[in-house]
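Taking it in order: structure first as structure tokens, then the write-up.
As the structure is a prediction and not an experimental result, all values here were calculated from the model. Numbered from 1 within each chain, the chains take letters A, B, ... in sequence-line order. Every heavy atom of this structure was used, including side-chain atoms; hydrogens, water molecules and symmetry mates were not.
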Protein chains: 2
Amino acid sequence: MFGMNDDAVFRALADASRRQLLDRLYDQSGQSLGELCQGLEMTRQAVAKHLAILEEANLVSVKWQGREKLHFINPVPINHIAERWINKFERRQLSALSALKKALEGDGDQ
Amino acid sequence: MFGMNDDAVFRALADASRRQLLDRLYDQSGQSLGELCQGLEMTRQAVAKHLAILEEANLVSVKWQGREKLHFINPVPINHIAERWINKFERRQLSALSALKKALEGDGDQ
DNA sequence: GTTATAGGCAACTATTTGGTTGCATGTCAA
DNA sequence: TTGACATGCAACCAAATAGTTGCCTATAAC
């Protein structure tokens, strides 16, 4: 169910700062390192490290333009995880779960 | 795009051992700690820690039965992430590809 | 040229994390 | 009751992680 290839993606997504960077790239792809640093309470080097991890997980692709390094979001790994993993839960169990969920909501814990 | 509430889920999913435990629980829900330990190259205490993290992320629910602690997989947080996050990538950019893929596969499982 | 800008590289630090061992607690079975 | 079994709790350890600072390189602008 879980492929070992997905490991880097899961680990990359584990950090809130990296998810925030993906957020920003989702809103506007093609930003440079400097642009991505703006407003973050981190040094440029820290941001660069996060971007490198996202790059290694293939969640972000880069393209040099002069002295600027532009970052582009890459949806393929996320789709890969979604197809191989999340849909397995969602598609099979969520339909039955919807009913169960409502039933359990009055049931407290267990 | 990323809710802070999802943080525990993302962090829990970041570890391959924990994903393996979810695999096992997906195959057979309601297993005890001892059962989940079998075949793993980890001490029982390590497995218990992993399960505690999955519990805290609400990915696993537990129920005591005598001296055994039974573990049940909970698909809600994963669905939550899928709905709030992954679908944003998938539905927009891969819809055409998805349809094509399923058409080519003959729509086997689910 | 010189200088400012964009980024990379390396060393270091503190905290988190994944794992261990040892012992304590609670439950079932004889 | 005694012993075996299932799990919890706490201390400890090594490695990974997130972040820093300091300096170096390359491109652009003047």
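For the pair A:Lys69 and B:Gln65, nearest-nucleotide mapping onto DNA chain C gives the more 5' position to A:Lys69. Closest-nucleotide positions on DNA chain D for A:Asp15 and B:Arg44 were compared, and the one nearer the 5' end corresponds to B:Arg44. Heavy-atom distances to DNA chain D give each of A:Arg67 and A:Lys49 a nearest nucleotide, and the one nearer the 5′ end belongs to A:Lys49.
Atom CG in A:Leu54 sits roughly 14 Å away from atom P in D:dT17 (whole-Å rounding). Atom CZ in A:Phe10 sits about 15 Å away from atom P in C:dG18, given to the nearest Å. Put simply, CH2 on A:Trp64 is 11 Å from P on D:dA28, counting in whole angstrom units. Whole-Å rounding puts the A:Leu51 CG to C:dG7 P distance at 10 Å. At whole-Å resolution of the value, CG in B:Leu36 and P in D:dA6 are 13 Å apart. A:Glu56 places its CD atom 14 Å from the C1' atom of D:dA16, with the value rounded to the nearest Å. Rounded to a whole Å, the CD atom of B:Gln38 is 10 Å from the P atom of D:dT7. The separation between A:Gln45 atom CD and D:dT17 atom C1' is 17 Å, rounded to whole Å.
You'll find that the side chain of A:Glu68 is closest to C:dA6, out of C:dG8, C:dA6, D:dT7. Each of C:dC23, D:dT20, C:dG19 was ranked by its minimum atom distance to the side chain of B:Ser17; first place goes to C:dG19. Looking at the side chain of B:Ile53, the nearest of the listed nucleotides C:dT20, D:dA18, C:dG18 is C:dG18.
You'll find the side chain of A:Leu21 stays beyond 4.5 Å of the side chain of A:Val60, heavy atoms only. A:Arg19 places none of its side-chain heavy atoms less than 4.5 Å from the side chain of B:Asp6.
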Start with the C-alpha distance between B:His50 and B:Met42, add both sets of side-chain angles, then the distance that settles side chain to side chain contact (heavy atoms under 4.5 Å, CB included), and finish with yes or no. CA-CA 11 Å; B:His50 283 306; B:Met42 259 187 292; 3.7 Å; yes
Under the side chain to side chain contact (heavy atoms under 4.5 Å, CB included) rule, what do A:Phe10 and B:Asp15 come out as? Steps first, then yes or no, please. CA-CA 8 Å; A:Phe10 277 110; B:Asp15 185 85; over 6 Å; no
Let me see the working for A:Arg18 and A:Ile53 under side chain to side chain contact (heavy atoms under 4.5 Å, CB included), right down to the final yes or no. CA-CA 8 Å; A:Arg18 287 193 287 271; A:Ile53 290 172; 3.3 Å; yes
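Considering only side-chain N and O atoms, B:Thr43 lies nowhere under 4.0 angstrom from the phosphate OP1 or OP2 of C:dG19. The side chain of A:His50 places no N or O atom within less than 4.0 Å of a non-bridging phosphate oxygen (OP1 or OP2) of D:dT17. When the side-chain nitrogen and oxygen atoms of B:Arg18 are compared with OP1 and OP2 of C:dG18, one or more of them lie within a distance under 4.0 Å.
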